[in-house]
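Since the structure comes first, as structure tokens, the remarks are kept for the end.
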Amino acid sequence: MQDVYSTLVSVVRDAFNIDIQPEVSRPDEQFGDYATNVAMQLAGRLRRNQSEVAEVLAGKLKEQLGDTVKSITIAKPGFINITLDDATIYGLAAHASTTKPTGLRGQVIVAEYSDPNPFKVLHVGHLYTSVVGHAIGNLFEAAGGEVHRVNFGGDVGLHVGKTMWAMLDDLGGERPEKLAGIPKEGRAEWMARCYVTGSNIYDDDEHTRDEITALNKRIYELHDNNDHDSPFARLYWTCRQWSYDYFDRFYERIGTPFEKYYPESECAEIGIKTVREQLAKGVYEQSDGAVVFKGEKYGLHTRVFINSQGIPTYEAKDVGLIMRKQQDYHFDRSVVITDNSQEQYMAVVLKSIEQFRPELVKATTHLVHGVVKMKGGTKMSSRKGNILRAVTVLGTAREANKKIGGRDNDEATVLGAVKYAFLKQRMGPDLTYDPDESVSLDGNSGPYLQYAHARARSILSKASAEPATSANSMQPNERSLARKISEYPEVIQQAVNECMPHYVCTYLYELAQAFNRFYEHNRVVGDEREALRVTLITYYAQVLKDGLSLLGIKAPERM
RNA sequence: GCGCCCGUAGCUCAGUGGAUUAGAGUGUCUGGCUUCGAACCAGAAGGUCGCAGGUUCGAAUCCUGCCGGGCGUACCA
């Protein structure tokens, strides 16, 4: 690609004295290995006929590329289609799994995603954001970045007050010793139930609402006073730890570990301090007793950073968070991944920070993904308790796997199915969770890819021929596979550039298809072309495994 | 009201800062395992790319208007 691309640039410069960044694509196989529409772009500027320009460029390209190219043809309006020589394609395939982008080399990148709240339950949305965030982190690493995966969550705030209220009610008062009566495996469930109870009563009962508001304030005070000893504090800290333990176990299980949690409580102080400093400088303003940022002058909306009771809102804590990240990591780039409902909120927070720390905002990217919706349009609400839990999704996938008689490596297959179902969709628009489809083991699915890998490994384990390091000519099925393999580095580059893991999914599926088609019609072991085919399949299996690992999906030898 | 996002086959989605004949999966129908793993492969059927204009040699893709849906819009996170 690089060769074709840079040659094209120089050819255009030579022929027409124009500097251009040409579009080079991978067209349908029947047209060639590469295609470009530069001739049509240039025709207008040059006031010349499109195919005439194409002729000129094609001629020069042929000279420059020499025998690495098999043919260069011109199609309809003025496309130039380039077909590489078999040996060239084979060579590209050989290096596909080791040719990585280098654009982020040496950069320190903080990637924040998942962001569940302690005292609440992990639902399908957390599962999704963890999977997609992890894959994006992997892409950054593939491009040479030093990635730090961090997690931000609300260990203080109204939801904690609600849960704590119900806990106190359930335990019969501030009696931390009674926590011992809750079995380890039932802790998360108990807290989830308390949150639902607390939320409902907050909505329905005015008297209780005041109590919960007061509890919320007490929780902040408990942090301010570094209180770990009072009964209320012991209750709080124990349950907070239960939440983090529960998160850790879950992340470990799905293979998306974090190196650091930023509890909101640890961002509150620096957040408030920063906001107050900037209040004095006029970035933030007093309004109705609260401290706000007026976004209207930037086409955004106004948001409260410190409420009229002096408590920092999520906004101020997010300000604190970005300060903390910078102190801890001195990042070159910070990426925050959340669902799209946070988009305009985050725009306000970042715009406010831009007024006093523009360099931090410049280095920050807010990536958004969709909200997971239920098929049929049922709205999920953790307040009402009608949510799809993350563990339920995994359980459903496990059942599906069992049904088809899942053999070895069940857990890898289950996670492969779930992760791939989420990752294959373009990041951004909302997605619909369909328990049947999302857990699919056939067709365009994770297990399809894992199976296509296991099959290849199985063949390789039976082969004995010495590998062939080069190929002068290939049969059509072999060539299709080789060509597909050769696209890998370009796909990774694109996925990194756009922070879009789904490009990898689409590609890997096409790659596995190319292999399955090859497999259908050709023998490997014992064939006279065994050497070449074994080598080709080795390259293929490497690329497939590497690509899956970028997605956070394991490629077992057998399944 | 204003702002952001979305509308492609029955269903779930690729394709979207221009390009060759709109593609997958799934579901329905059909064919293929004495041969390296059938979680596979091959074929059929299925689409006014929400609607209407506009720009262009060329529009699912860009622009405008409209219709439909989601989210956000001051003291929740």
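Below, chain A is the first sequence line, B the second, and so on; all start at residue 1.
Distance alone, capped at 3.5 Å, is enough to place a donor-acceptor pair between the A/His126 side chain and the A/His123 backbone. Remark: side-chain polar atoms of A/Arg457 are not paired, donor with acceptor, to backbone N or O of A/Ala452 under 3.5 angstrom.
The C1' atoms of B/A14 and B/G25 are separated by 10 Å, rounded to the nearest whole Å. For the C1' atoms, the distance linking B/C71 with B/C76 amounts to 16 Å, nearest Å. Across the C1' atoms, B/G47 and B/A24 are found 14 Å apart, a figure rounded to whole Å. Nucleotides B/C2 and B/A45 have their C1' atoms positioned 47 Å apart, rounded to a whole Å. B/A38 and B/U34 have their P atoms separated by 11 Å, with the value rounded to a whole Å. Rounded to whole Å, the P atom of B/C5 lies 14 Å from the corresponding atom of B/G65. B/G7 and B/C51: their C1' atoms are spaced 11 Å apart (whole Å).
The side chain of A/Arg426 lies closest to B/A14, out of B/U20, B/A14, B/G70. With B/A39, B/G72, B/A77 as the candidates, the nucleotide lying closest to the side chain of A/Tyr314 is B/A77. Nearest nucleotide to the A/Phe79 side chain, out of B/A42, B/U20, B/G25: B/U20. The side chain of A/Leu158 has B/C76 as its nearest neighbour among B/C76, B/U20, B/C41. Side-chain atoms of A/Val304 lie closest to B/A74 of the nucleotides B/C41, B/A74, B/U20. The A/Pro447 side chain lies nearest to B/A39 when the options are B/G15, B/U20, B/A39. Considering only side-chain atoms of A/Thr432, the nucleotide from B/U20, B/U12, B/C41 that sits closest is B/U12. Checked against B/A24, B/C36, B/A39, the side chain of A/Ile459 finds its nearest nucleotide in B/C36. In this structure, the nucleotide among B/C76, B/C71, B/C40 sitting nearest to the side chain of A/Asp442 is B/C40. Checking B/G25, B/A77, B/G37 against the side-chain heavy atoms of A/Lys462 singles out B/G37 as nearest.
Among the atoms of the strands shown, base atoms are found under 4.0 Å from some heavy atom of A/Gln50. Among the heavy atoms of the strands, none lies under 4.0 Å from A/Gln41. As judged by a 4.0 angstrom heavy-atom cut-off over every strand, A/Gln344 is placed among the base-contacting residues. A/Ala347 comes within 4.0 angstrom of no nucleic acid atom, judged by non-hydrogen atoms across all strands. Residue contacts for A/Thr313: at a heavy-atom cut-off of 4.0 Å it reaches the sugar-phosphate backbone alone, with no base atom in range. Using a 4.0 Å heavy-atom criterion, one finds that A/Asn81 contacts the bases of the nucleic acid, with or without backbone contacts as well. Nucleic acid contact class of A/Arg523 (heavy atoms, under 4.0 Å, all strands): base. At the heavy-atom level, A/Asn444 lies under 4.0 Å from the strands shown only through sugar-phosphate atoms. Base engagement by A/Gln30 is indicated by at least one non-hydrogen atom pair under 4.0 Å involving a base atom. As judged by a 4.0 angstrom heavy-atom cut-off over every strand, A/Lys317 is placed among residues touching the sugar-phosphate backbone only. A/Ala35 comes within 4.0 angstrom of a nucleotide base, judged by non-hydrogen atoms across all strands. As judged by a 4.0 angstrom heavy-atom cut-off over every strand, A/Leu431 is placed among residues touching the sugar-phosphate backbone only. A/Phe518 comes within 4.0 angstrom of nothing in the nucleic acid, heavy atoms only. As judged by a 4.0 angstrom heavy-atom cut-off over every strand, A/Asp288 is placed among the base-contacting residues.
Between A/Tyr519 and A/Phe515, the ring planes lie tilted relative to each other; the angle falls in the 30° to 60° range. Taking the six-membered ring where tryptophan is involved, the planes of A/Tyr128 and A/His369 are perpendicular, since the angle between them exceeds 60° and thus also 30°.
The separation between A/His366 atom NE2 and B/C71 atom P is 17 Å, rounded to whole Å. Going from atom CG of A/Asn516 over to atom P of B/C36 covers 15 Å, rounded to whole Å. Atom CZ in A/Phe305 sits roughly 13 Å away from atom P in B/A74 (whole-Å rounding). In this structure, OH of A/Tyr519 is placed 5 Å from P of B/G37, rounded to the nearest angstrom. Taking atom CZ of A/Arg209 as the reference point, atom P of B/C76 lies 12 Å away to the nearest angstrom. Taking atom CD1 of residue A/Ile219 and atom P of nucleotide B/C76, one finds them 14 Å apart after rounding to whole Å. We find that CG of A/Leu42 is positioned 15 Å from C1' of B/A19, with the value rounded to whole Å. Between the CG atom of A/Asn522 and the C1' atom of B/U35 there is a distance of 13 Å, given to the nearest Å.
Judged by Watson-Crick or G-U wobble contacts below 3.5 Å, the nucleotide B/C57 has no partner. Across all strands shown, the partner of B/G68 is B/C6, judged by Watson-Crick or G-U wobble contacts whose two distances both fall under 3.5 Å. Pair assignment for B/C36 gives none, since no Watson-Crick or G-U wobble pairing has each distance under 3.5 Å. Across the strands present, B/A44 finds its partner in B/U28; the criterion is a Watson-Crick or G-U wobble pair with both atom distances under 3.5 angstrom.
For B/G72, the base has no donor-acceptor partner in the side chain of A/Ser341 [N/O atoms by modelled type, under 3.5 angstrom]. Contact of A/Ser287 with B/A74 (side chain to base): a donor-acceptor pair of N or O atoms is detected under 3.5 Å.
Cation-pi check for A/Arg26 over A/Tyr34 is met; the charged atom lies under 6.0 angstrom from the ring centroid and within 45 degrees of its normal. The cationic group of A/Arg303 does not satisfy the cation-pi geometry with A/Phe293, failing either the under 6.0 Å distance to the six-membered ring centre or the 45° limit from the ring axis. Remark: A/Arg324 is not positioned above the aromatic ring of A/Tyr262, lacking an NZ or CZ atom under 6.0 angstrom from the ring centre and at most 45 degrees off the axis.
A close approach under 4.0 Å does not occur between any side-chain nitrogen or oxygen of A/Arg558 and OP1 or OP2 of B/G37. Distances shorter than 4.0 Å separate some side-chain N or O of A/Ser458 from OP1 or OP2 on B/G37. Listed pair A/His502 / B/G15 meets the phosphate criterion, a side-chain N or O lying under 4.0 Å from OP1 or OP2. The side chain of A/Arg455 places no N or O atom within less than 4.0 Å of a non-bridging phosphate oxygen (OP1 or OP2) of B/C36. Residue A/Thr302 places no side-chain N or O under 4.0 Å from the OP1 or OP2 atom of B/U73. Side-chain N/O atoms of A/Tyr451 include one lying less than 4.0 angstrom from OP1 or OP2 on B/A39. The side chain of A/Tyr448 contributes an N or O atom lying less than 4.0 Å from OP1 or OP2 of B/C41.
Between the side chains of A/Tyr284 and A/Ser352, at least one donor N or O lies within less than 3.5 Å of an accepting N or O.
No more than 12 heavy atoms of other residues, nucleotides or ligands sit less than 6.0 Å from atom CD of A/Gln21.
Every residue two or more places apart in sequence or in another chain was checked for a side chain to side chain donor-acceptor pair (under 3.5 Å) with A/Glu343, and none qualifies.
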